[in-house]
Every structure is written in structure tokens, then in C-alpha cells.
Amino acid sequence: MLPVEALAKFQCVCKAWKNIIRDPKFVKDHFQIQVAKGKDYLLYVPLDRTIERAFTLLCDETFDQALEFEIPSEFRDMSFIIIGSCNGVLCFTDANSFGSTVYLCNPSIRKYRTVINPMFDGVELSCQGDVDFALGFGYYEHTNDYLIIRIAILSDEEDEATSKVEVYSMVANSWKNLEVDRFPWERIELKSEAVMRDSVHWKADYRDGDEGIPVILAYRMGEEVFRQIGLPNYKADGKGLVEHIGVYKGNLAMFVFHQSDHFSWHKNCHLWVMNEYGVVSSWTKLYTVVIDAGVVTSIMFTNNDEIIFEDGECDLTVCHFERNTISYLGVEDQGYLNFVTYNGSLVMLED
């Protein structure tokens, strides 16, 4: 199967080729063949604005640089926050106006789309009180659609919170207001960290009276409903722990650690895995690893059963759980880096 870049160029050969290459079934089959080859990448881009900034691909096994995609000039002044990556499509927003405007792109074929304005304007919402946004991005295979979930939590002067939820469909190129009778969740993670089982997941707090209970909030794309999943009982692992959710070997997972804050006295970190999705009692502590330099910030789970994090010595570090090994990413420190798994595709070719 020819690579994405070559197929994109072959559209110019004739109309028949163009129609074949753009056919949704061909696009989907081509991507599945690419994935079956087992050659995945890590894509990263610095948050900070630089003239030379680009989307950089690393081999997800050796972490060697494989490729760079130039960022169009109109986006170079943006402080990128990547919300998610699905089938070669990135969803991102500007850190300086988080959630107000959202973008989609497929860097391997140089296609970019500014998503039409949400139904609820961020500026208008902020005039009603303090507003916090949370964003999610996922692919729903049943309708072959890419969805952006935007949650706006508004707090008034009396600290009463109301919520507005909108879902954008890439196929329809439109936003839909999701009617939610009761939305008892707050302190939702800015961006979703795990997409699986046709659901997009965030860390959040469930408001029970005056108490906030940490949970995982899940949006089920097919049913268009929110559900919550209880966390594992990790109290025995210590106090003041930080959680990072992701997917480990196809299961919902949580990396639990003491934030070292550049001091290395908290070395033990734990991997919890939910063996049966949605069943709280199936959470199992699979591994405890010792990280001498400690963990300051966890970044992402990879497809190779690893987690990437910044350690107490400001190095980007990779921990492989099964092998109990620590290695260094070798990426120059450029401040906050957005990392996602990536594989090239033909999605958005028709844009």
C-alpha cells in the first residue's frame, strides 16, 4: 500500500483515481493497513511560539526523529494545546483562548480546518460569570465521524455552577447543543486523556453536597450521555497522590504518583488497570515502579505499554512497566510539549 503523501498527490492523475482515493471505505481500509504494519509514531509540538516550530514525529519504539511537518504560517503564533489524536486527525486549540476556537488538522496531508464557532460564544459566556472549558475529541466508528465535545462550566457570584455541553460533528460540520438535565461534575480536566469503548474520558469531581468526589467522567458518543466511573482504592499508596488516566493494553488505566516538584524523595509510582470496563471492583494494581528522580508531570501512555513523564531532573522520561526499565526521550527541553500517538491517514483529504 502506497504511503499517504503519495496517494494525496496521485489525486491529480485523473478523476477516477481521485474518487477512489477519497472514497470513505478506501480511506478507512488504507488506515487500518497502516496500523497493521505496527509502525506508530509519537507526535509532538512545543506550546511556545517559535518561527521554526513544526509537528515532529518520533518512532514510538526507538524515539528517533522520523519526520517533520511544517506548520502553516497562520498557526505559528498560536500557543498550541493538542486535545487529542484519532486516525491521523489532530484536534487543538489556542492556550490563550482555550475552548473558544477549535481546529482540526491532518498534518501528513497538510489539511487544516477552523471549526465553525460553537453555539455558545466563549466571550458571551464569560460575561455571565467565570467560565471554565473542558474539551474532548474522539472517533465514533459506527457513523465514521470525528466528534469534539465542549463542556462549559459557568460560576456566578454566589458560586452556583451551571453547565452547557456542545458536540461538534466533522461529517455534519456543525455543533449540537446537548440537553443535560443534571450535570453534577466539576473540576473537569482541560482535555480528555483516554478514548476507548466509544467513550471519551476525563478526570473530574462529582459534586455530592459540599464534597467533591474524584471520578472518571465518560461521554458515550453513541448514546450521547455522560456516565461516571469510580477510581481504584489507592489510599494505601499514600496521601496527596496525583492521577493520570489513559489506556494500557486496551484497558482503562491510571498512573498514580507523588508529584516530586523537582525533589526526588517520592520514588514509588503505581499502575492501576480496570480489567472489566465500568466495573469499579475490577481495578487492579498491576505494577509498582521505582523512579529515582520522581515524577513532576505525567504526559501520556504510549501504544507500547509505557508512560512518558517529566522527572524531577526536568528530563522527558519513558517507563516501560513490564520490563521495569527507564529511558530518556532525548527531546530537547522546549517548555511544555504536546505529545500524542500518531499514524498518517487520508482523513480530511476532501477538505
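Quantities reported herein were computed from a predicted structural model and do not represent experimental measurements.
- Inspection of the Asn268 and Thr288 side chains reveals no N or O donor paired with an N or O acceptor under 3.5 Å.
- Taking a cutoff of 4.0 Å between a charged side-chain nitrogen and a carboxylate oxygen, Lys203 and Glu243 qualify as a salt bridge.
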**OP:** Just do the side chain to side chain donor-acceptor pair (under 3.5 Å) check on Asn173 and Tyr168 with the steps written out, would you?
**Re:** CA-CA 7 Å; Asn173 190 28; Tyr168 171 83; 2.6 Å; yes
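- Under the 4.0 Å criterion applied to side-chain N and carboxylate O atoms, Asp237 and Lys285 are assigned as salt-bridge partners.
- Between Pro107 and Tyr342, some side-chain heavy-atom pair lies under the 4.5 Å cut-off.
- Tyr41 and Ile71 end up in the same hydrophobic cluster when Ile, Leu, Val, Met, Phe, Trp and Tyr side chains are linked at under 4.5 Å.
- Donor-acceptor pairing under 3.5 Å is lacking for the side chains of Trp17 and Gln11.
- Here the side chain of Ser192 pairs no donor or acceptor atom with the backbone of Ala194 at under 3.5 angstrom.
- Side-chain N or O atoms of Glu276 include none that pairs as donor or acceptor with a backbone N or O of Ser282 at under 3.5 Å.
- Looking at Asp145, its side chain does come within 3.5 Å of a backbone N or O of Val171 through a donor-acceptor pair.
- Side chains of Thr341 and Asp40: a donor-acceptor N/O pair is absent below 3.5 angstrom, by distance only.
- Counting heavy atoms from C-beta on, the side chains of Leu43 and Thr56 never come closer than 4.5 Å.
- The backbone N or O of Gly99 lies less than 3.5 Å from a partner atom in the side chain of Arg150, making a donor-acceptor pair.
- Summarising the geometry of Ser108 relative to Gly344, their closest heavy-atom pair is OG-CA, 3.8 Å, with the distance given to 0.1 Å.
- Aromatic pair Tyr277/His201: ring centres closer than 6.0 Å.
- At least one donor-acceptor pair closer than 3.5 Å links the side chain of Thr93 to the backbone N or O of Thr101.
- Side chains of Thr302 and Asn304: no donor on one and acceptor on the other come within 3.5 Å.
- For an aromatic pair to be called close, the ring centres must be under 6.0 Å apart, and Tyr103 with Tyr112 fails this.
- Under the 4.5 Å side-chain heavy-atom criterion for ILVMFWY residues, a single connected hydrophobic cluster contains both Ile216 and Leu241.
- Looking at heavy atoms from C-beta onward, Ile308 lies in side-chain contact with Leu329 at the 4.5 angstrom threshold.
- A single hydrophobic cluster is seen to contain both Ile291 and Phe301, as judged by linkage of ILVMFWY side chains at heavy-atom distances under 4.5 Å, directly or through other members.
- The shortest side-chain heavy-atom distance between Trp175 and Ile148 falls under the 4.5 Å cut-off.
- Note: Phe92 and Phe75 have perpendicular aromatic rings, judged against thresholds of 30 and 60 degrees for the angle between ring planes.
- Hydrophobic clustering (ILVMFWY, side-chain heavy atoms < 4.5 Å, transitive): Met254 and Ile213 are in distinct clusters.
- A heavy-atom distance below 4.5 Å is found between the side chains of Asn144 and Pro24.
- Separation of the Phe55 and Tyr44 ring centroids does not fall under the 6.0 Å cut-off.
- Under the 30°/60° scheme for interplanar angles, the aromatic rings of Tyr219 and Phe226 are found to be tilted.
- Side chains of Asn177 and Glu179: a donor on one and an acceptor on the other come within 3.5 Å.
- For the atom pair CD1 (Ile229) and OH (Tyr206), the distance works out to 15.0 Å, reported to the nearest 0.5 Å.
- Using bins of under 30°, 30° to 60° and over 60° for the plane-to-plane angle, the ring pair Trp185/Phe183 lands in the perpendicular bin.
- A salt bridge is defined here as a Lys NZ or Arg NE, NH1 or NH2 lying under 4.0 Å from an Asp or Glu carboxylate O, and Arg110 with Glu70 fails to meet this definition.
- For the pair Val347/Met170, a side-chain contact is recorded, criterion being any heavy-atom separation below 4.5 Å from C-beta on.
- Judged by distance alone, with hydrogens and angles left aside, the side-chain atoms of Trp283 form a donor-acceptor pair with the main-chain N or O of Gly230 at under 3.5 Å.
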